[in-house]
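Structure record follows, encoded as structure tokens.
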Amino acid sequence: MKWQGRRESRNIEDRRGRSKARAAGGIGGVGLIAVLVVGYFLGIDVTPLLQDQGGGQVVASGPMTAEDEAAGKFVSVTLADTEDVWAQVFKEQLNRQYTPATLVLFKGATSSPCGGASGASGPFYCPGDKKAYLDTDFFVTLERELGAKGDFAAAYVVAHEIAHHVQNELGFLAAANAVRAQVSQAKSNAISVQIELQADCFAGIWARAAQEKFASIDRADLEEAVNAARRIGDDTLQRNAGKRPNPHSFTHGTSEQRSRWFVTGYQSGALGSCDTFSSNEL
Ligand SMILES: [Zn+2]
């Protein structure tokens, strides 16, 4: 992805650098547990990975490095791309205005209305304050632990979280979560899968529009995104954690579903093609 020297978003809240005291202040394991149980934050589910590693250990953040600075810029450019694309899609397909999300960059640990967050728990979107939360160290996890290589894998993660904001703006999250609060865990998980696959589809819409608008994406980039979607499928994550995949516990969809819905959004470019809530076949 071509990103150097391109427009950066103003909607970045950079909490890095001031997070050290916060992390040392002992959000630690308790904060991590909070983020895993507080309802309906929408993140990349790396729970199996955490368990695999003995879980719950939050690594305190160190000083900002050159890599952190570059990752922050990359996220900021990607966020700016999502703003331009979603403003256009909202106008063209819905005749309405898009209100952008804020993206919080943190290092180590931070707090949100959806619960405490640590980099180890993965990026997420909190509908409560309409902010996406991202520890850029997650990109290292993405590449080394999850096998999702390349800058566009990271861009896909940003686009996926912003897609949750799009869902929030469109009222899908509130509607889905109202139902989730009243049904069994298994049904709630199934609705979560519908939410997540729609976010993957929206990320595909973004990739297509960004490609047309900025010519910043090439074929290899798309393969990186599709691979990333595969790598964070529930079945693959559980298998990599040495477990037998349990479909009732899935909250994000299988590798096949995640990559397929991303491609669906990419190929159609249309919001209507991402209706995972009434699709007969997920
Ligand atoms: Zn998600």
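Every number for a ligand or one of its atoms is a count from 1 in the order of the listing.
- Under 2.8 Å from the Zn ion (ligand 1) lies no N/O/S atom of H252, from backbone or side chain alike.
- Every pair tested for disulfide bond (SG atoms under 2.5 Å apart) that includes a residue from residues 220-250 fails, sequence neighbours excluded, so the list is empty.
- The backbone N or O of P247 sits nowhere less than 3.5 Å from a side-chain atom of N189 that would complete a donor-acceptor pair.
- The minimum distance between the Zn ion (ligand 1) and any N, O or S atom of E196 involves atom OE1.
- Counted by atom type alone, H160 and E196 present one or more donor-acceptor pairs between their side chains at under 3.5 Å.
- Annotation: angle subtended at the Zn ion (ligand 1) by H164 NE2 and H160 NE2 is 100°, to 10°.
- The disulfide bond (SG atoms under 2.5 Å apart) analysis of residues 169-282, with sequence neighbours excluded, yields the pairs C201-C274.
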